[in-house]
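Accompanying notes for the structure given below.
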Amino acid sequence: MHNKSYATLNVVGLAVGVAACLLIFLIIKYETSFDTFHAKKDHTYRVMSVQYNPDGIDYESGVPFPTGASLRLDFPQLKQVASIIKADGTLLSFNDDKTNSIKKFKEDDTYYTEPQFFNVFDFTWLAGDKKTALNDPNTVVLTQTEANKFFGDWKNAIGKTIKLQNKTDLKVTGILNDPPINTDFPLKVVVSYASLKVKGSDYYENINNWTSVYGEHYCFIVMPDNQNIAQFNKQLGGFFKKHVPPGTIKGGMQLQALSDLHYNADVGKYTEGEFSHEKIDAIALIGVFLLVIACVNFINLATAQAVNRSKEVGIRKVLGSTREQLVFQYISETFIITLAAIIIGIAVAFVALPYFNKLLDIQLSTGFLINPQVILFIIVLLIAVTFLAGFYPAMILSGFNPIAALKNKIAASSTSGVSLRRALVVMQFCIAQVLIIGTLVIISQMNYFKNMSLGFAKDAIINVSMPSDSVSLTRINTLHDELLQQPGVKDVSYSFASPSDNSNWNSNFTYDNAAKPANFQANMKWADPEYFKLYGLKMAAGRIYIKTDTIHEIVVNEMLLKKLGVLNPNDAINKSITVQGKKALIVGVVKDFNVTSLKKQIPPVIMACYKDVYQVINVKVQPADMKQTLSSIERIWSGTFPDYVYEYKFLDKKIADFYKSEDQLSQLYKIFAGIAIFISCLGLYGLISFMALQRIKEVGIRKTLGASISSIVYLFSKEFTVLILVAFAISAPVGWYVMHKWLMTFTYRYPFGPGIFIVSILASVIIAWITVGYKALTAALANPIKSLRSE
Amino acid sequence: MIKITNLEKFYRTEEVETIALNKLSMHVDTGEFVAIMGPSGCGKSTLLNILGMLDDPDEGSYVFNDIEVAHFNERKRADLRKHNIGFVFQSFNLIDELTVFENVELPLIYTGVPTGERVKRVEEVLDKMQIMHRRNHYPQQLSGGQQQRVAIARAVVNKPKLILADEPTGNLDSSNGNDVMELLTDLNEQGTTIIMVTHSEHDARYSHRIIRLLDGQTVMENIMI
């Protein structure tokens, strides 16, 4: 009976541990598999821009447009050079032959690239010639899914045309297999790079510009085998000096290995959610921890059981079993239990995988078992756990003196297993507590973000995107009035971006007729004056600028003045700022509001009217009748811009997305900390059951001598409380150190005080008491006669 | 001191009901030394457990010092027990993890005797039992005779009115056994009532009176001269 419940505890604990470990293994395998399928991956590098700021070095993913062509000329030894730019929100339309109507799509994963791109990266072509398909301007290559979407069947797509941004016809010259999920180049629509050089293209003005850097314009190169990277980086410095006009950009260029692309949070890439090496290490460590906890349980429970089986060992020995036979017997028993646990664990992982995919926004397939690495992992796990959990108890059991064992004289203490088990319990609780502390800190930091004042209102505001061509811009005044007439619309404002946005425009500027531009860049928040009211921005000095079409008056934020060394905001009023080639007076100073995510410091901000660049309609709506209001906004918008696709986003949702990766991490931690606590409790429960059995006689004696029930319960809980306190003494500094380091990556940090430690120790003590309490009470309530009768 | 009337105790398993005590009546006066004898399964241990308030009877009356205790709840029984009754077992039942001193000290802890007083009384009784020199040893380090002395020391440290001894010499050689019987006799002469279950006619001769049980009933009483 007891054996059965021990076996259940063993199997459940290990199965949960194995399932968690498998999932973690899969996540890591997935995250480390990005863009590893390209044959030239080890020699592929991205050229990135480097900027020297007073605050340090900034790495920028993009390079000026002419970079690729010049690299080819200046460094003929390079095996490949390929430029690519992502054009977010590109409008594509085509004539649907069946219905004879125009269909429109907004496609974020639209790229312009050179044919060389497909020499560097190995994507599979279903149709078309990868060498020539993208040679000519106004050609396009579609992925299979995209081609099916446009033309019903990709096989009919070659030679057809689609319209780009309502103006340019693109001829389909190739079809790509859908890129695998584990690439940071989620291609869908690939337009020839040559199309950019046609007059009227979106980037035509800057195509030969060395001073303008688009963050999404990357340049990849394939290095020759024997090239020294450090040396080439030096040469890139010279290359930069040669081409970039002096005095415009303080910086240079550097290589970034393709293998760094997916993990580096400092430099951007085309996909969201970088998975840094630190995160991989953290999650791997958690996986190892969980497995260790589960194995510790196994060892604990197995050795605990060993004592109860001493009589069996005695009998077997008397009957002639050799020590080797006994060791083999116990090892094979452990093997069977381990195998059962692993099989259950795999089943659990199978069931849990879809939830993990959803949580982490990834796509792991349930067919993972076919993978040889996973099979190897499972086999290694089986052998390792069997050995770890089976060998020690097997040695102890088989070493018993048969006579002593028969007389049941093997007490728990005489096997020296007790102190080992205590150490193991301490270890388990250390791990669980570190995870509890980590989880609490992450949750607190997340809540801190969510509740921290951003310096502007974000509720019930939607951001609607808007075409920014000259024809569309002529209609925005009418649109403004029409929108305001809607009963659910409170305010309408046009701007380049929302106060906190992914899309940021940084520019040099000159303050107060200085001889040189300021030595730092400012973030341009081009917006009409209504913007201030709509977002509730507060003024520190002066007034809001008047409504104009071009830059006429300027408002700056406090940070800008702080960086310039202007102490009193009023001193800045009526000083001039030259920006974007225009000189205008500062009429007001706005209080600092958060511009990017709270992970970063507030940058200096310049605000002014600049109608030509507006691309966002900010609409404040009444919370009541939201649905009605949203649909009328869409109707009016579509009536104003019939050739474009309507898109909107709630600002609070957009801001929440800034913290998506942290949110996911915190979810992950919560789950794994929960699992760690669960497994630890199983172990604790097993151990207390065993102890209760071992000490049943002692409890009987004590009760005969007059011990009360509470004193017996105390006897049991005292020991575990001490163990937990010991564990806490170890885990608290470790947890503090690790989480302090993590918090340092944020500019605005949750004040990490003793509260978290108090909560975590209380939580673990209470959880342990609940676990231990039932068994201790049962032991205390048992009739002492029974325990004393076993003569 | 003890008066039991028509005491009944049954043991039930799923299939059978065994009668351990069958309308048993007896009495023990203060200062008596009574031996209870009988074959295995006659109900000796059950009787001793009920007398020691470790178990309660199913039917009948048990009056201890003029108090009816037959239907006391566990807490009340424990309270009465720890102040009035000391136990001596065949297998000593010492706690292996505690020293001689700590084992003897236990009953005083449970009756709430202050520390200073406890040390005094434990030392006193260890001295009387001539095991003072073993006070810091663990039970495993002692001989059987010494262990039983510790057990008796523990039984008497609280100065109980009644000592219940369950085959106190069962695990001892005859010389050590005689020593233990002498100790019990001394205690009895100093006024402690003793009820002892035994198989040994030799040991029974130390008592004033022998009660013989068979199938849960008294079959004979011998008064020793």
Side-chain angles (χ1 to χ4, degrees), chain A residues 1 307 310 401 403-419 421-422 690-716 718-720 722-723 777-791, chain B residues 9 11 20 40 45-56 73-98 102-113 138-140 150-151 154-158 160 164 166-167 170-171:
Chain A
M1 186 58 215
V307 183
S310 60
N401 175 322
I403 297 165
L406 266 181
K407 285 188 173 165
N408 248 338
K409 283 247 171 80
I410 309 290
S413 51
S414 63
T415 57
S416 83
V418 161
S419 49
R421 278 198 291 280
R422 285 192 183 122
F690 162 73
M691 266 184 57
L693 208 65
Q694 277 296 312
R695 298 178 78 165
I696 193 161
K697 194 166 176 186
E698 179 186 340
V699 170
I701 298 169
R702 285 178 183 271
K703 281 190 77 178
T704 308
L705 297 176
S708 61
I709 290 163
S710 54
S711 76
I712 301 287
V713 173
Y714 171 75
L715 190 73
F716 281 103
K718 186 181 71 182
E719 167 153 10
F720 285 101
V722 168
L723 292 185
L777 203 62
T778 320
L781 286 173
N783 192 326
I785 307 168
K786 285 181 187 144
S787 53
L788 296 181
R789 216 171 18 202
S790 60
E791 304 291 296
Chain B
K9 180 77 185 175
Y11 288 111
S40 291
S45 295
T46 308
L47 177 61
L48 207 64
N49 286 337
I50 293 175
L51 291 176
M53 298 176 209
L54 293 169
D55 208 350
D56 51 352
N73 66 19
E74 198 183 324
R75 183 187 293 268
K76 274 176 152 176
R77 275 193 274 137
D79 208 47
L80 203 59
R81 177 171 71 230
K82 68 184 177 193
H83 287 105
N84 293 294
I85 307 175
F87 291 87
V88 178
F89 302 95
Q90 176 181 359
S91 57
F92 325 134
N93 277 338
L94 298 172
I95 295 174
D96 291 340
E97 288 79 11
L98 303 180
E102 288 163 342
N103 263 292
V104 176
E105 189 189 18
L106 267 184
L108 298 175
I109 294 175
Y110 291 132
T111 45
V113 176
Y138 286 91
Q140 307 271 327
V150 176
R154 188 179 63 183
V156 300
V157 70
N158 234 345
L164 297 176
D166 191 353
E167 306 221 23
N171 280 8

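Lettering follows sequence order; numbering is per chain, from 1. The figures here come from the full heavy-atom set of this structure, side chains too, leaving out hydrogens, waters and symmetry mates.
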Residues two or more places apart in sequence or in another chain: which of them pass side-chain contact (heavy atoms from CB on, under 4.5 Å) with Glu167(B)?
->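 Result, side-chain contact (heavy atoms from CB on, under 4.5 Å) vs Glu167(B): Gln90(B), Val197(B), His199(B).
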Rounded to the nearest 0.5 Å, how far apart are CZ of Arg81(B) and CG of Leu705(A)?
->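 If I round to the nearest 0.5 Å, the distance is 8.5 Å.
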Distance (rounded to the nearest 0.5 Å) between Phe87(B) CZ and Ile701(A) CD1 =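 Here the rounded value is 12.5 Å.
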Can you tell which part of [X] gets under 4.5 Å to a heavy atom of chain A, answering side chain, backbone, both or neither?
X: Leu54(B); result: both
X: Arg75(B); result: neither
X: Ile109(B); result: neither

Going by heavy atoms in the side chains, are Ile95(B) and Arg702(A) under 4.5 Å from each other?
->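 Answer yes - side chains close enough.
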